[in-house]
A.B. asks: 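Below you will find the structure I want to go over with you.
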Amino acid sequence: MMDSFIFPGLTTRVVFGAGTMARVEEEVRRLGHDKALVLSTPHQRADAEKLAESLRGLAVGIFPGAVMHTPVEVTDRALEAFCASGASAVVSLGGGSTTGLGKAIAVRTGADQVVIPTTYAGSEMTDILGETAAGEKTTRRSPDIRPETVIYDVDLTMSLPIGLTVTSAMNAIAHAMEAFYAPDRNPVIELMAKDAMTAFRDSLPRLIENPRDGSARAQALYAAWCCSTALGYVSMALHHKLAHVFGGSFDTPHAETHAVLLPYTTAFNESAVPDLLRPIAEAFGGDSAGGALWDFAQSVGSPLSLKAIGVKEADLDRATAIAVKNAYANPQPIEPGSIRELLQAAWDARRPVG
Ligand code: NAD
């Protein structure tokens with residue numbers, strides 16, 4: 001029981017279920033728009049074209065150029081397309097990269113956003129935008145960034161390759177993990193974070209057996225919504241900082257980086273707040289939260305070592321230096337020696353001990 005808290009309310013409308021993509025037109029019109037630009041990555045261009053066709057007159061074009069980390073050059077080109085099309089809303093179809101581009105357009109133009117997530121990365125419920133300019137990624141939070149409507153169509157996640165299914169889910173679990181000890185946590189987010197843990201625990205093994213298991217896909221996407229909400233409404237700490245350091249300065253892949261770091265960052269903070277992280281060990285079963293997540297990651301084939309995602313051992317000193325450069329709130333104090341040890345354990349794939 002939390003003695004005191006602030007619950008800010010949830011502002012994004014959520015439409016969840018198989019086949020809900022058929023409701024995009026209705027949802028865009030509900031926001032008062034009759035012209036929208038459809039966004040996607042180059043990889044999901046065919047899906048964006050199909051969606052635009054189904055929207056008939058409402059879609060005034062597509063921009064299939066979204067890439068990871070929202071480079072401002074891509075945003076500039078997308079903005080040109082947005083302004084030339086006369087659209088007043090964007091429909092972002094895809095993972096965090098496409099959602100990021102939609103947010104970048106929205107924050108510059110006031111456009112409304114309807115987001116249709118196809119991974120579990122969790123950008124859709126948040127007021128966070130990370131953008132890259134001149135090779136440097138900066139992140140900001142603002143109410144204008146948060147999408148108005150999110151349509152979770154379970155059918156669209158059927159094609160998510162199993163490797164990305166697993167790492168994207170671990171990426172999502174990281175949002176829930178840090179929510180348990182967030183200084184601004186509240187009971188609603190805590191309930192969602194707990195539910196997400198058990199939903200991923202149950203659905204991922206089923207998806208490994210059969211990636212097209214509809215009810216497991218629904219359970220995983222529901223968990224992703226819970227985790228995205230946690231990310232969007234409470235503060236994150238060391239885990240997200242380290243993922244940002246590796247993605248931003250060492251160009252490691254987003255979902256895999258989160259997946260690798262998760263057991264080690266959990267164990268690091270567990271020594272400071274064991275009670276707050278107990279729901280993780282309860283959900284996954286095990287002697288400790290960090291150990292339970294390591295075992296779960298191994299059981300679902302998620303990468304466990306920084307080495308496996310291309311980080312060189314010689315990079316660990318520089319990563320430590322970047323991670324400790326600016327002060328930020330974290331349950332366990334941030335010190336160069338202990339962070340360096342954490343990264344070594346993550347490089348060696350050493351199971352955390354409880
Ligand atoms: P992504 O959006 O780059 O997608 C990875 C690849 O998978 C892309 O080629 C995409 O087209 C493809 N893909 C996506 N869904 C698919 C599907 N269902 N079937 C087949 N292919 C599919 O990767 P991501 O991990 O979703 O997002 C990572 C990006 O999102 C990073 O830039 C990260 O910083 C950002 N992000 C931002 C926030 C936030 O709140 N601002 C939160 C989470 C992630």
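We number each residue from 1, following the sequence as shown. Please read these numbers as outputs of a predicted model, since none were measured by experiment. Because only heavy atoms are used, hydrogens play no part in the values below, and waters and symmetry mates are left out as well, while side chains stay in. One-based numbering, in listed order, for ligands and for the atoms of each.
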A.B. asks: Which residue and non-hydrogen atom of the protein lie closest to atom 22 (C) of ligand 1, and at what distance in Å?
C.D. replies: Gln44 NE2, 3.8 Å
A.B. asks: Could you check atom 32 (O) of ligand 1 against the protein and tell me its nearest heavy-atom contact, residue, atom and distance included?
C.D. replies: His69 N, 3.0 Å
A.B. asks: Against heavy atoms of Lys103, which atoms of ligand 1 measure under 4.0 Å?
C.D. replies: 39 (C), 40 (O), 41 (N)
A.B. asks: Which option out of Ala66, Ser97, Ser159, Gly248 puts a heavy atom nearest to atom 1 (P) of ligand 1?
C.D. replies: Ser97
A.B. asks: Please name the residue in the list Thr70, Thr126, Thr98 that meets the side-chain hydrogen bond (donor to acceptor under 3.5 Å, both in side chains) test with Lys103.
C.D. replies: Thr126
A.B. asks: Check the pair Arg278 / Asp275 against salt bridge (charged side-chain N to carboxylate O under 4.0 Å, His left out), numbers first and verdict last.
C.D. replies: CA-CA 5 Å; Arg278 189 154 300 133; Asp275 290 349; 2.9 Å; yes
A.B. asks: Short list, please: which atoms of ligand 1 are under 4.0 Å from a heavy atom of Leu231?
C.D. replies: 40 (O), 42 (C)
A.B. asks: Can a salt bridge be assigned to the pair Lys194 and Glu282 using a cut-off of 4.0 Å between side-chain N and carboxylate O?
C.D. replies: no
A.B. asks: Judging by distance only, is a nitrogen or oxygen of Ile128 under 3.5 angstrom from one on ligand 1?
C.D. replies: yes
A.B. asks: Are there more than 12 heavy atoms of other residues, nucleotides or ligands under 6.0 Å from atom NZ of Lys137?
C.D. replies: yes
A.B. asks: Can you see whether His69 engages Thr132 through a side-chain donor-acceptor pair at a distance of less than 3.5 angstrom?
C.D. replies: no
A.B. asks: Please say whether the positively charged group of Arg146, taken as NZ for Lys or CZ for Arg, lies over the ring of Tyr233, i.e. under 6.0 angstrom from the six-membered ring centre and within 45 degrees of the axis.
C.D. replies: yes
A.B. asks: Under 4.0 Å, heavy atoms only, figure out whether ligand 1 is touched by the backbone of Asn171, its side chain, both or neither.
C.D. replies: neither
A.B. asks: May I ask you to say whether Arg56 pairs ionically with Asp34, meaning some side-chain N is under 4.0 Å from a carboxylate O?
C.D. replies: no
A.B. asks: Between the side chains of Ser159 and Arg212, is a donor N or O closer than 3.5 angstrom to an acceptor N or O?
C.D. replies: no
A.B. asks: How far is atom 34 (O) of ligand 1 from the closest protein heavy atom, and which atom is that?
C.D. replies: Lys137 NZ, 2.8 Å
A.B. asks: Measure the spacing between CZ of Phe180 and CZ of Arg185 and express it to the nearest 0.5 Å.
C.D. replies: 11.0 Å
A.B. asks: Counting only heavy atoms not in Asp202, do more than 12 fall under 6.0 Å of its CG?
C.D. replies: yes
A.B. asks: Closer than 4.0 angstrom: is that true for some heavy atom of His175 and an atom of ligand 1?
C.D. replies: no
A.B. asks: State the atoms of ligand 1, each with its element, that fall below the 4.0 Å cut-off from a heavy-atom position in Leu164.
C.D. replies: 7 (O)
A.B. asks: Considering only heavy atoms of Thr41, which atoms of ligand 1 have at least one such atom less than 4.0 Å away?
C.D. replies: 10 (C), 11 (O)
A.B. asks: What is the closest protein heavy atom to atom 40 (O) of ligand 1, and at what distance does it sit?
C.D. replies: Thr126 OG1, 2.7 Å
A.B. asks: Considering Gly94, Pro64, Gly96 one by one, which has a heavy atom nearer to atom 35 (C) of ligand 1 than any of the others?
C.D. replies: Gly96
A.B. asks: Closest non-hydrogen protein atom to atom 39 (C) of ligand 1, residue and atom name please, with distance?
C.D. replies: Ser123 OG, 3.4 Å
A.B. asks: What is the nearest protein non-hydrogen atom to atom 26 (O) of ligand 1, stated with its residue, atom name and distance?
C.D. replies: Thr119 OG1, 2.7 Å
A.B. asks: Would you say ligand 1 has an N or O under 3.5 Å from any N or O of Thr98?
C.D. replies: no
A.B. asks: With heavy atoms only and a cut-off of under 4.0 Å, state how His254 meets ligand 1: side chain, backbone, both or neither.
C.D. replies: side chain
A.B. asks: Give the residue and atom name of whichever protein heavy atom lies nearest to atom 43 (C) of ligand 1, and the separation in Å to one decimal.
C.D. replies: Ala121 O, 3.4 Å
A.B. asks: Regarding Asn171 and Tyr120, is there a side-chain donor-to-acceptor distance under 3.5 Å anywhere?
C.D. replies: no
A.B. asks: Any idea which of Met68, Met158, Arg45 brings a heavy atom closest to atom 31 (C) of ligand 1?
C.D. replies: Met68
A.B. asks: Which ligand 1 atoms are under 4.0 Å away from a heavy-atom of Gly95?
C.D. replies: 2 (O), 26 (O)
A.B. asks: For ligand 1, is there an N or O atom under 3.5 Å from any N or O atom of Thr157?
C.D. replies: no
A.B. asks: Any nitrogen or oxygen of Leu156, main chain or side chain, under 3.5 Å from a nitrogen or oxygen of ligand 1?
C.D. replies: yes
A.B. asks: Does any N or O atom in Ser168 lie less than 3.5 angstrom from one in ligand 1, N or O only?
C.D. replies: no
A.B. asks: Identify, with sequence neighbours excluded, every residue that meets salt bridge (charged side-chain N to carboxylate O under 4.0 Å, His left out) alongside Asp317.
C.D. replies: Arg340
A.B. asks: How close does the nearest protein non-hydrogen atom get to atom 9 (O) of ligand 1, and which residue and atom is it?
C.D. replies: His43 CB, 3.7 Å
A.B. asks: Of the options His258, Glu178, His175, which is the one that meets His239 in a side-chain hydrogen bond (donor to acceptor under 3.5 Å, both in side chains)?
C.D. replies: His258
